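Computed from a predicted model, the values in this text were never measured in an experiment.
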Amino acid sequence: MIKIMKYGDFSREEIFAVQENKADVSSVVSDIIANVRARGDEALFEYSRKFDKAELTALEVTDEEIDEAFAAVEPEFLEILRKAANNITAFHEKQVRNSFIISEKEGVVTGQKVTPIEKVGLYVPGGTAAYPSTVLMDSIPAKIAGCEEIVMVTPPSFGGKVNPVILAAAKIAGVTKIFKVGGAQAIAALAYGTESIPRVFKIVGPGNAFVAEAKRQVYGQVSIDMIAGPSEILVIADEKSNPRHVAADLLSQAEHDKLASAVLVTNSEELAQKVSDELELQIPLLPRAEIARASIDNNGKIIIADDLDKVIEISNEIAPEHLELIVDNPFDLLSKVKNAGSVFMGRNCPEALGDYFAGANHTLPTSGTAKFSSPLSVDDFVKKIQYTYYTENALAKVAEDVAFFAHKEGLDAHAKSALVRTKDLF
C-alpha cells in the first residue's frame with residue numbers, strides 16, 4: 001500500500017527519500033565494451049546468441065525486412081504513428097536555432113554557425129517490449145536538425161527479428177540505418193564502430209542499467225543525451241480532483257518498472273485517502289500488476305501539505321521527470337514550477353498524451369536532474385561553431401588591451417601574438 005505522509009510530521013530525509021538501484025554493473029559493462037572494441041561484429045554475434053537467443057547472419061536490417069514489417073502493421077496504427085509524427089515534428093520545428101552574425105563595429109565581425117552533428121546513434125529498447133514512441137521522439141528531432149546519418153540499434157527478439165512496429169516507426173521517422181543489436185554491446189558498437197556499424201558522434205535513447213552504464217563509460221569518446229534512471233511521475237492535485245483519475249495517472253508510470261516512482265502531492269487529506277483506496281482497486285486489474293504493486297509499495301508516496309504553495313515547493317525539490325498539475329487553473333501554477341522535465345496541465349491531460357501523441361518530447365531528465373537539464377530537443381543534435389574576424393585597423397585599436405589582459409595572466413606569448421601585428425617586436 002502507498003505511504004501517506006503529512007509534510008511537517010516526517011523528516012526531510014523521509015519525505016524526499018529516493019529508492020536507488022544498488023546493482024553495480026560497471027565491471028560487466030567494461031568487459032563488454034572492451035570485447036566489442038577488440039573483436040567488432042564477431043563479439044556482437046556472440047552477445048546476440050547469449051543475451052537475445054538470436055542466431056544472426058547479418059546485423060543490419062534490410063529494406064526488404066522494413067517493407068515486410070510495414071506491411072504487417074495494421075493500417076490504423078500506421079495512421080496513428082503518422083499523426084504522432086506530425087505533432088512531434090510541429091513541436092520540434094519551433095526549436096530550430098539560427099546562426100547569427102554581429103558586425104556593428106567597424107572592421108569587426110563575430111558570429112555563430114549552427115551545424116548538425118553528422119552521425120547520431122539512437123538506442124531503442126526491444127526484445128519483449130516495443131517502444132515505437134521512442135523511435136519517433138529520438139529520431140524526428142535529429143532529422144529536423146539535419147543530421148546526415150541517423151543510426152538506430154535495437155535488440156532482436158528470439159529468432160532474430162525486430163518488432164514490426166519499431167521498424168514501421170523508423171521508416172516514418174526517416175531513420176537512415178537500423179541494426180539488430182542491443183544492450184551495452186550496442187552502445188559500444190556505436191561509440192567505437194565495428195565492421196558493420198558506423199561509429200557515431202552522439203548516442204541518445206533510454207535503456208536498462210547496462211545500457212545506462214555503457215553510455216556513462218563511453219562518454220567522452222562520444223557525446224550522450226543523459227543517464228536516464230527509472231521513470232517518475234509527480235501529480236499535484238487539489239480537493240476537487242477525481243481520485244480515480246489521479247490513481248490511474250500514478251499507475252501509468254508505476255507499471256513501467258518496479259523501480260519507478262509515483263508521487264502525489266496534495267493539500268487534501270480526503271483526496272489522499274481516496275487515491276490510496278483507488279490504487280488498491282486498480283492495481284489488481286492491470287496486466288502488469290506485479291510491477292505496479294512493487295513500484296507503489298516501495299517507491300510510491302502521497303505527501304499532504306497545507307496549501308498549493310507548499311505543494312509546488314515540494315515538487316520543485318523533487319524535480320520530477322513528469323509533472324501533472326490537476327487543478328482548475330494550471331497556468332497559474334506553471335509560473336511557479338522551477339524544476340520538471342515535462343508538465344501536463346489541467347484535469348484532462350494525462351501524462352500518456354506526452355508519451356505518445358501531443359508532440360513534446362518524452363525523453364526527459366530523471367532522478368532530480370531536471371534541476372539542471374532539459375528534455376531531448378533539436379538542440380541535442382546540433383553544435384555551434386563560433387568565429388571572429390578583425391581587419392588590421394580594428395586589431396590595432398585593441399591590441400594593447402589584449403596584451404594587457406594577457407600579461408595579467410602571465411602569458412607573454414599571447415600578448416606578443418597581438419602586438420606583433422602592430423609593432424616591430426622581433
Side-chain angles (χ1 to χ4, degrees), residues 21-62 65 117-129 131 134-135 138-139 142 147-163 166-167 170 175-229 380-381 383:
N21 182 7
K22 299 294 186 181
D24 182 4
V25 299
S26 57
S27 62
V28 174
V29 168
S30 180
D31 290 344
I32 290 173
I33 292 172
N35 192 21
V36 172
R37 290 187 68 182
R39 300 174 59 232
D41 283 357
E42 185 181 3
L44 297 180
F45 286 125
E46 286 184 4
Y47 286 128
S48 290
R49 286 193 292 271
K50 180 178 180 180
F51 297 130
D52 303 313
K53 311 304 179 189
E55 191 69 48
L56 301 178
T57 57
L59 295 172
E60 187 168 3
V61 175
T62 64
E65 287 177 291
I117 298 173
E118 295 173 58
K119 299 179 182 180
V120 296
L122 315 178
Y123 187 90
V124 178
T128 58
Y131 298 110
T134 296
V135 179
D138 288 359
S139 55
C147 300
E148 293 178 12
E149 203 164 339
I150 303 172
V151 181
M152 189 179 95
V153 292
T154 189
S157 60
F158 181 78
K161 296 288 187 179
V162 175
N163 192 303
I166 296 291
L167 297 182
V175 172
T176 309
K177 294 182 178 180
I178 306 168
F179 294 92
K180 304 173 186 178
V181 57
Q185 61 271 24
I187 301 301
L190 289 173
Y192 294 99
T194 71
E195 296 89 336
S196 297
I197 300 178
R199 179 197 167 202
V200 301
F201 304 143
K202 184 163 189 174
I203 301 171
V204 306
N208 61 19
F210 293 90
V211 170
E213 177 59 27
K215 288 170 69 177
R216 190 192 311 275
Q217 291 191 22
V218 301
Y219 177 67
Q221 172 70 20
V222 293
S223 179
I224 61 172
D225 52 349
M226 63 187 77
I227 305 293
D380 286 286
F381 298 99
K383 55 191 178 70

Less than 4.5 Å apart, any side-chain heavy atom of I32 and any of Y47?
-> yes
Look only at the side chain of E195 and the backbone of D41, and say whether a donor-acceptor pair between them is shorter than 3.5 Å.
-> yes
To the nearest 0.5 Å, atom CD of Q185 lies from atom CG of N35 at 10.0 Å
Side chain to side chain contact (heavy atoms under 4.5 Å, CB included) between Q221 and Y192: does it pass, once the steps are laid out?
-> CA-CA 8 Å; Q221 172 70 20; Y192 294 99; 3.5 Å; yes
Separation between CG of D225 and NZ of K215, rounded to the nearest 0.5 Å = 3.5 Å
Under the 3.5 angstrom rule, does the side chain of K180 hit a backbone N or O of G160 as a donor-acceptor pair?
-> yes
Just wondering, are more than 12 heavy atoms of other shown residues or ligands nearer than 6.0 Å to CZ in F210?
-> no
If you look at every heavy atom in A189 and T194, which pair is closest and at what distance?
-> CB-CG2, 3.9 Å
Do you know the tightest heavy-atom contact between V151 and P198?
-> CG2-CG, 3.8 Å
Carboxylate-amine/guanidinium proximity below 4.0 Å for K177 and E60 = no
Find out whether V36 and I33 are in side-chain contact, i.e. whether some heavy atom of one side chain is under 4.5 Å from a heavy atom of the other.
-> no
Out of curiosity, I117 CD1 to F201 CZ, how far, rounded to the nearest 0.5 Å?
-> 9.5 Å
Answer yes or no: is there a side-chain heavy-atom contact under 4.5 Å between L59 and F45?
-> yes
Given Q217 and E213, is the side chain to side chain contact (heavy atoms under 4.5 Å, CB included) satisfied, shown in steps?
-> CA-CA 6 Å; Q217 291 191 22; E213 177 59 27; 2.9 Å; yes
Checking K202 side chain against D380 main chain: does a donor-acceptor pair fall under 3.5 Å?
-> yes
Mark yes or no for whether Y123, through its side chain, and A184, through its backbone, hold a donor-acceptor pair below 3.5 Å.
-> no
In terms of heavy-atom contacts, C147 and V120 come closest through SG-CG1, 3.9 Å
Please assess I187 against V218 for the test side chain to side chain contact (heavy atoms under 4.5 Å, CB included), listing each intermediate value before the final yes or no.
-> CA-CA 8 Å; I187 301 301; V218 301; 3.8 Å; yes
With a 4.5 Å heavy-atom cut-off, do V135 and L122 have their side chains touching?
-> no
Can you check whether L44 reaches I197 side chain to side chain, under 4.5 Å on heavy atoms?
-> yes
How many angstroms lie between atom OG of S139 and atom CD1 of I150, to the nearest 0.5 angstrom?
-> 6.5 Å
Main-chain N/O of V124 paired to T154 side chain as donor or acceptor, under 3.5 Å | yes
With a 4.5 Å limit on heavy-atom distance, are the side chains of P155 and P125 in contact?
-> no
Give a yes or no on whether the backbone of E118 and the side-chain of E149 come within a donor-acceptor separation of less than 3.5 Å.
-> no
Under a 4.5 Å cut-off applied to non-hydrogen side-chain atoms, are L190 and V222 in contact?
-> no
Can you name the closest pair of heavy atoms from A191 and I203 and give their distance?
-> N-CD1, 4.1 Å
Residues at least two apart in sequence or cross-chain that pass side-chain hydrogen bond (donor to acceptor under 3.5 Å, both in side chains) with S223, listed by chain then number, are none
Given side chain to side chain contact (heavy atoms under 4.5 Å, CB included), test M152 with I166 step by step and report yes or no.
-> CA-CA 10 Å; M152 189 179 95; I166 296 291; 3.5 Å; yes
Side chains of P156 and F51: closer than 4.5 Å at any heavy-atom pair?
-> no
Results of side-chain hydrogen bond (donor to acceptor under 3.5 Å, both in side chains) for D52 - residues two or more places apart only | none
